[in-house]
Amino acid sequence: MDASPTPPLPLRAPTPSIDLPAGKDRADAAANKAAAVFDLRREPKIPEPFLWPHEEARPTSAAELEVPVVDVGVLRNGDGAGLRRAAAQVAAACATHGFFQVCGHGVDAALGRAALDGASDFFRLPLAEKQRARRVPGTVSGYTSAHADRFASKLPWKETLSFGFHDGAAAPVVVDYFTGTLGQDFEPVGRVYQRYCEEMKELSLTIMELLELSLGVERGYYREFFEDSRSIMRCNYYPPCPVPERTLGTGPHCDPTALTILLQDDVGGLEVLVDGEWRPVRPVPGAMVINIGDTFMALSNGRYKSCLHRAVVNRRQERQSLAFFLCPREDRVVRPPASAAPRQYPDFTWADLMRFTQRHYRADTRTLDAFTRWLSHGPAAAAPCT
Ligand SMILES: C=C1C[C@]23C[C@H]1CC[C@H]2[C@]1(C)CCC[C@@](C)(C(=O)O)[C@H]1[C@@H]3C(=O)O
Ligand SMILES: O=C(O)CCC(=O)C(=O)O
Ligand SMILES: [Fe+2]
């Protein structure tokens with residue numbers, strides 16, 4: 001952990017570098033301004049807020065990252081040797097960069113395609129329609145354009161649509177989100193994402209079993225921890241960019257969540273920091289990209305590392321990715337198995353870490369350390385985000 005305590009950065013830069021009008025229309029004005037930038041016919045150059053420091057926007061390595069493709073089907077077909085091989089592949093990946101891809105996951109390719117197409121249709125809507133789903137301040141749910149309603153600099157070159165998922169509810173929560181936010185016409189796409197999220201949850205529980213095996217943790221410890229998970233689904237849309245080397249689709253970060261299952265289209269843009277180099281992860285048709293997040297790093301007492309990654313953009317092609325972020329039920333205490341010693345992180349709840357990233361601190365490469373300092377200093381230590 002970083003010894004030198006530095007207070008979490010305020011979410012908004014002290015001198016906003018885009019002149020956002022105050023008041024309730026700020027989110028609309030910010031999205032309009034950001035959307036205008038994405039409409040390159042009107043804004044051929046990139047405004048300052050979208051420019052990233054060279055250190056974070058360093059060039060991509062020519063060497064793609066060799067990410068193992070693990071066949072998780074072995075967890076269902078009782079193939080003992082296959083299981084040991086899969087656990088060894090996961091252990092090797094998670095002890096280094098923390099990324100691996102999975103095949104044999106059982107997720108219908110047509111469902112993945114329908115989810116990507118559903119996101120395309122949404123992001124092609126007129127801005128005013130997308131704004132009907134605008135992000136509720138202080139939460140992760142909703143539509144945002146470049147997070148321009150939250151940040152004043154280093155704006156990501158992307159639009160996002162995020163919503164929550166948990167099963168076991170009386171009604172299908174994702175269908176209700178789409179119809180309740182966007183109207184009855186959106187029920188079909190709501191049903192696609194309801195099914196997609198149900199599949200993602202099942203796959204994440206399978207991967208938890210594999211992580212238990214690879215860590216030698218008692219069977220069921222992680223799977224049971226996430227049985228009643230309440231996760232986040234996020235659709236990322238990255239428009240083409242005229243100066244891709246000066247901006248980023250998603251800046252360098254570790255996911256604060258526990259596990260990420262990413263379905264990306266065939267364009268490419270996901271990169272992982274390994275030995276100081278930004279290494280591209282080539283899209284593998286039919287495979288899903290898996291990475292460990294901060295919450296699982298804490299659950300493994302630091303044995304598996306939350307992975308540092310980013311998404312770059314390009315001049316020619318738009319890109320899409322669907323990220324399913326597995327999160328514990330909000331009030332569950334994030335604590336590694338009792339045998340884990342010495343403890344690397346304090347107990348915390350996902351509700352606290354989520355609140356920290358949505359109201360006090362922009363998730364980056366040091367979120368968990370900043371969060372544990374914030375916890376020890378008490379909430380007063382954070383500069384509340386206005
Ligand atoms: C809990 C979350 C916060 C973010 C979405 C989920 C998991 C990943 C986080 C994020 C993508 C990390 C990079 C910065 C961020 C602001 C973004 O670019 O979207 C983060 C998400 C968020 O706070 O909305
Ligand atoms: O779009 C990608 O490839 C990565 C996105 C990501 O890291 C995220 O949304 O957390
Ligand atoms: Fe991420």
Side-chain angles (χ1 to χ4, degrees), residues 9 11-12 34 50 52 56 60 65 67 98-99 101 116 119 135-151 153-165 230-239 247-273 278-283 288-296 306-314 318-328 330 350-368 370-371 385:
L9 297 176
L11 208 52
R12 293 197 53 70
F50 285 88
W52 285 67
E56 294 176 89
T60 300
L65 186 67
V67 177
F99 267 78
Q101 303 213 43
L116 282 166
R135 173 182 173 271
V136 177
T139 73
V140 77
S141 282
Y143 166 75
T144 77
S145 182
H147 291 320
D149 58 326
R150 294 169 66 186
F151 310 135
S153 61
K154 300 200 302 186
L155 297 185
W157 195 267
K158 68 179 176 184
E159 296 177 56
T160 63
L161 175 67
S162 308
F163 45 90
F165 170 77
R230 299 180 76 96
S231 296
I232 300 164
M233 181 71 219
R234 167 163 287 186
C235 307
N236 291 307
Y237 171 69
Y238 301 102
T247 187
L248 286 169
T250 297
H253 70 282
C254 299
D255 295 337
T257 45
L259 187 82
T260 305
I261 304 178
L262 189 89
L263 175 64
Q264 53 175 332
D265 63 19
D266 57 4
V267 172
L270 173 60
E271 301 183 346
V272 182
L273 189 70
W278 285 106
R279 312 277 297 276
V281 175
R282 173 195 293 258
M288 295 209 164
V289 182
I290 311 295
N291 68 264
I292 300 290
D294 290 340
T295 297
F296 192 85
S306 187
C307 329
L308 219 163
H309 56 288
R310 72 180 187 180
V312 297
V313 289
N314 70 79
E318 63 187 16
R319 174 176 179 255
Q320 284 197 170
S321 68
L322 306 179
F324 179 86
F325 298 112
L326 180 70
C327 312
E330 286 85 352
W350 168 241
D352 287 340
L353 179 49
M354 171 64 124
R355 195 175 302 119
F356 181 66
T357 68
Q358 297 307 303
R359 301 182 188 179
H360 303 296
Y361 187 89
R362 176 174 183 169
D364 58 13
T365 58
R366 303 168 306 131
T367 309
L368 194 53
F371 174 61
C385 166

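Numbering of ligands and ligand atoms starts at 1, following listing order. Predicted, not measured: the structure shown is a model, and the values here were computed from it.
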for atom 21 (C) of ligand 1, nearest protein heavy atom and its distance come out as R234 NH1, 3.5 Å
Evaluate the side-chain proximity of L259 to I292: yes if any heavy-atom separation is below 4.5 Å, no if none is. yes
Atom 9 (O) of ligand 2 [closest protein heavy-atom partner, distance rounded to 0.1 Å]: N236 ND2, 3.3 Å
Nearest-0.5 Å distance, CG of residue L273 to CG of residue L308: 5.5 Å
Which ligand 2 atoms, with their elements, are less than 4.0 angstrom from a heavy-atom of F325? 8 (C), 9 (O), 10 (O)
Here the gap from L116 atom CG to Y237 atom OH, rounded to the nearest 0.5 Å, amounts to 13.5 Å
Option among I232, T257, T139 that satisfies the side-chain contact (heavy atoms from CB on, under 4.5 Å) test with M354: I232
Are the side chains of R362 and H253 in contact, using a 4.5 Å heavy-atom criterion? no
How many angstroms lie between CZ in F356 and OG1 in T367, if you round to the nearest 0.5 Å? 7.0 Å
Shortest heavy-atom approach to atom 8 (C) of ligand 1 - which of L155, D255, V140: D255
Please state whether the rings of F151 and H147 are parallel, tilted or perpendicular, taking 30° and 60° as the class boundaries. perpendicular
Check ligand 2 against H253 and write out every atom of the ligand that is under 4.0 Å from a heavy-atom position of the residue. 6 (C), 7 (O), 8 (C), 10 (O)
Would T160 and R135 satisfy side-chain contact (heavy atoms from CB on, under 4.5 Å), going step by step from the backbone distance to the final call? CA-CA 10 Å; T160 63; R135 173 182 173 271; over 6 Å; no
Atom 13 (C) of ligand 1: nearest protein contact (heavy atom, Å): H253 CG, 3.5 Å
Would you tell me which option among F151, W350, F325 has the nearest heavy-atom contact to atom 1 (C) of ligand 1? W350
Using the six-membered ring wherever Trp is involved, compare the ring planes of F50 and W157 and label them parallel, tilted or perpendicular (cut-offs 30° and 60°). perpendicular
Looking only at protein heavy atoms, which one is nearest to atom 18 (O) of ligand 1, and how far off is it? K158 NZ, 3.0 Å
Does any N/O atom on T257 come nearer than 3.5 Å to any N/O atom on ligand 1? no
Angle, OD1 of D255 through the Fe ion (ligand 3) to NE2 of H253 - 10° precision: 90°
Atom 3 (C) of ligand 1 - nearest protein heavy atom and its distance: Q358 NE2, 3.6 Å
Residue part near ligand 2, for D255, under 4.0 Å between non-hydrogen atoms: side chain
Tell me the protein heavy atom at minimum distance from atom 9 (C) of ligand 1, and give that distance in Å. P256 CD, 3.9 Å
So, H309 and the Fe ion (ligand 3): N/O/S under 2.8 Å, yes or no? yes
Quick one: NE2 on H309 to CG on L270, what's the gap to the nearest 0.5 Å? 6.5 Å
Hey, does V267 have a side-chain heavy atom less than 4.5 Å from the side chain of P283? no
Show me which atoms of ligand 2 lie under 4.0 Å from any heavy atom of S321. 1 (O), 2 (C)
If hydrogens are left out, which of R319, H309, Q264 has an atom nearest to atom 2 (C) of ligand 2, that is, the closest non-hydrogen atom? R319
Protein heavy atom at shortest distance from atom 22 (C) of ligand 1: R150 NH1, 3.4 Å
As an exercise, identify every atom of ligand 1 less than 4.0 angstrom from a heavy atom of A363. 12 (C), 13 (C), 14 (C)
Would you call H147 a ligand 1 contact, heavy-atom distance under 4.0 Å? yes
Just verifying a value: how many Å separate L65 CG and F99 CZ, rounded to the nearest 0.5 Å? 8.5 Å
Using heavy atoms and a threshold below 4.0 Å, how should the contact between L262 and ligand 2 be classified: side chain, backbone, both, or neither? side chain
What protein heavy atom sits nearest atom 5 (C) of ligand 2, and how far away is it? Y238 OH, 3.5 Å
Test item, P156 contacting ligand 1 (heavy atom, 4.0 angstrom): no
Name of the residue among I290, N291, V281 meeting side-chain contact (heavy atoms from CB on, under 4.5 Å) with Q101: V281
